[in-house]
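In what follows, a single structure is set out as structure tokens and then discussed.
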Amino acid sequence: MDINEAKAIVKPHLTEARYEHTLRVASTAVHLASLHNQSAEAKAKIELAAIFHDYAKYWSLEELRRWLRQSTLPKDLLDYHHELWHGPVASLLIEHQYGINDRDIQLAIRYHTTGRANMTTFEMLLFLADYIEPGR
């Protein structure tokens with residue numbers, strides 16, 4: 001998917017401030033990828049993951065719950081604070097709605113708020129970029 005197409009998809013789902021955050025996360029993630037000698041393909045993928053990382057952030061709690069209940073995601077996610085739901089749900093939405101089935105992108109989005117044991121470099125790039133982008 002073209003990065004401009006991804007931006008156009010995501011923008012209506014975010015507040016202006018969250019969209020600006022998203023753009024800064026994307027820029028930061030690409031910068032981190034460069035520092036870690038990632039390929040051009042990896043840089044393009046991390047930029048796409050960053051653009052979609054907060055895609056479901058402002059979806060209604062009921063819609064997020066519905067996606068969690070109907071998916072293969074662990075149901076115990078429902079026992080945790082709803083602020084943690086948007087990443088796992090977004091990782092499903094991008095495949096279901098836009099055909100993005102790249103495992104690296106999906107896992108980076110899924111774990112961008114919580115992290116996980118044995119994260120890949122790719123996953124860490126998004127996780128860190130979300131926390132250190134210049135607006136934070």
Side-chain angles (χ1 to χ4, degrees):
M1 171 179 288
D2 173 78
I3 199 67
N4 289 321
E5 182 183 357
K7 289 175 184 177
I9 290 168
V10 168
K11 189 172 184 177
H13 294 275
L14 304 175
T15 65
E16 187 61 34
R18 183 57 56 171
Y19 182 69
E20 293 299 322
H21 159 76
T22 294
L23 297 179
R24 290 189 304 270
V25 171
S27 176
T28 302
V30 170
H31 178 70
L32 289 171
S34 292
L35 292 175
H36 290 275
N37 301 313
Q38 298 294 299
S39 68
E41 179 186 357
K43 290 176 193 173
K45 284 173 43 169
I46 198 64
E47 185 176 23
L48 188 60
I51 294 299
F52 277 107
H53 85 281
D54 277 345
Y55 176 54
K57 179 105 175 144
Y58 297 112
W59 286 44
S60 73
L61 294 183
E62 192 49 47
E63 188 69 8
L64 292 171
R65 269 190 209 94
R66 186 179 71 75
W67 274 92
L68 289 169
R69 286 184 185 127
Q70 294 177 358
S71 75
T72 58
L73 291 169
K75 301 307 174 245
D76 68 343
L77 281 169
L78 292 163
D79 297 332
Y80 294 92
H81 196 277
H82 61 83
E83 283 292 324
L84 302 178
W85 299 350
H86 72 280
V89 171
S91 74
L92 298 175
L93 290 171
I94 63 168
E95 181 173 13
H96 183 264
Q97 295 179 332
Y98 306 108
I100 301 171
N101 59 3
D102 184 286
R103 186 127 174 94
D104 291 332
I105 293 172
Q106 290 174 332
L107 290 175
I109 293 170
R110 180 174 174 175
Y111 294 110
H112 83 271
T113 57
T114 61
R116 70 178 180 137
N118 303 311
M119 290 174 77
T120 65
T121 298
F122 191 88
E123 292 170 68
M124 286 189 275
L125 292 172
L126 182 56
F127 181 80
L128 290 173
D130 190 31
Y131 283 96
I132 68 168
E133 63 91 346
R136 294 267 180 164

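One distance of note links NE2 of His82 with CG of Leu61; it measures 5.0 Å at 0.5 Å rounding. Put simply, OG1 on Thr15 and NZ on Lys57 are 9.5 Å apart, with the number rounded to the nearest 0.5 Å. Taking CD of Gln106 as the start and CG of Leu92 as the end, the distance is 7.5 Å to the nearest 0.5 Å. In this structure, CZ in Phe122 is found 6.5 Å from CG in Asp102, a value given to the nearest 0.5 Å. The distance from the CG atom of Leu78 to the CZ atom of Arg69 is 6.0 Å, given to the nearest 0.5 Å. The line from CD of Gln97 to CZ of Phe52 is 8.5 Å long, rounded to the nearest 0.5 Å.
Taking each heavy atom of Met119 and Met124 in turn, the nearest pair found is O-CE, 3.6 Å. Contact record, Leu126 with Ala50: CD1-CA, 3.6 Å, taken as the closest heavy-atom pair. Closest heavy-atom contact between Thr114 and Phe127: C-CE1, 3.9 Å. Nearest approach of Ile46 to Ala33, heavy atoms of both residues: CG2-CB, 4.2 Å. In this structure, Tyr80 and Trp85 approach most closely via the heavy-atom pair O-NE1, 3.3 Å.
The aromatic rings of His13 and Trp59 sit parallel, their planes meeting at an angle under 30°, below the 60° perpendicular limit.
Here the side chain of Glu133 pairs no donor or acceptor atom with the backbone of Ala26 at under 3.5 angstrom. Checking side-chain atoms of His31 against main-chain N and O of Thr28 turns up no donor-acceptor pair under 3.5 Å. Side-chain atoms of His112 come within 3.5 Å of backbone N or O of Ile109 as a donor-acceptor pair. Side chain of Lys11 to main chain of Ile9: no donor-acceptor pair is present (N/O by atom type, distance under 3.5 Å, no hydrogens or angles). Side chain of Asp2 to main chain of Glu5: a donor-acceptor pair is present (N/O by atom type, distance under 3.5 Å, no hydrogens or angles). Within the 3.5 Å criterion, the main-chain N or O of Thr113 finds a donor-acceptor partner in the side chain of Tyr131. Under the 3.5 Å distance criterion, the side-chain polar atoms of Ser27 are left unmatched by any main-chain donor or acceptor of Arg24. In this structure a side-chain-to-backbone donor-acceptor pair under 3.5 Å is present from His81 to Glu83. Arg136 places a side-chain N or O within 3.5 Å of a backbone atom of Asp130 that can act as its donor or acceptor partner.
A continuous path of ILVMFWY side-chain contacts below 4.5 Å connects Ile100 to Trp67, so both sit in one hydrophobic cluster. Connection of Leu93 to Leu77 is established within a shared hydrophobic cluster, with ILVMFWY side chains joined at heavy-atom distances below 4.5 Å, either directly or through further cluster members. Cluster annotation: Val30 is connected to Ile3 through the hydrophobic network of ILVMFWY side chains, with a link wherever side-chain heavy atoms come within less than 4.5 Å. Under a hydrophobic clustering in which Ile, Leu, Val, Met, Phe, Trp and Tyr are joined whenever their side-chain heavy atoms come within less than 4.5 Å, directly or via other members, Tyr55 and Leu107 fall into different clusters. Connection of Tyr58 to Leu64 is established within a shared hydrophobic cluster, with ILVMFWY side chains joined at heavy-atom distances below 4.5 Å, either directly or through further cluster members.
More than 12 heavy atoms of other residues, nucleotides or ligands sit less than 6.0 Å from atom CD of Glu62.
Side-chain contact of Gln70 with Arg66: a donor-acceptor pair under 3.5 Å is present, judged by distance alone.
Applying side-chain contact (heavy atoms from CB on, under 4.5 Å) to Ile105 and the options Lys45, Met1, Glu123, His53 leaves one that passes, Lys45. Only one option out of Ile94, Val25, Leu23, Asn4 pairs with Ile51 in a side-chain contact (heavy atoms from CB on, under 4.5 Å); it is Leu23.
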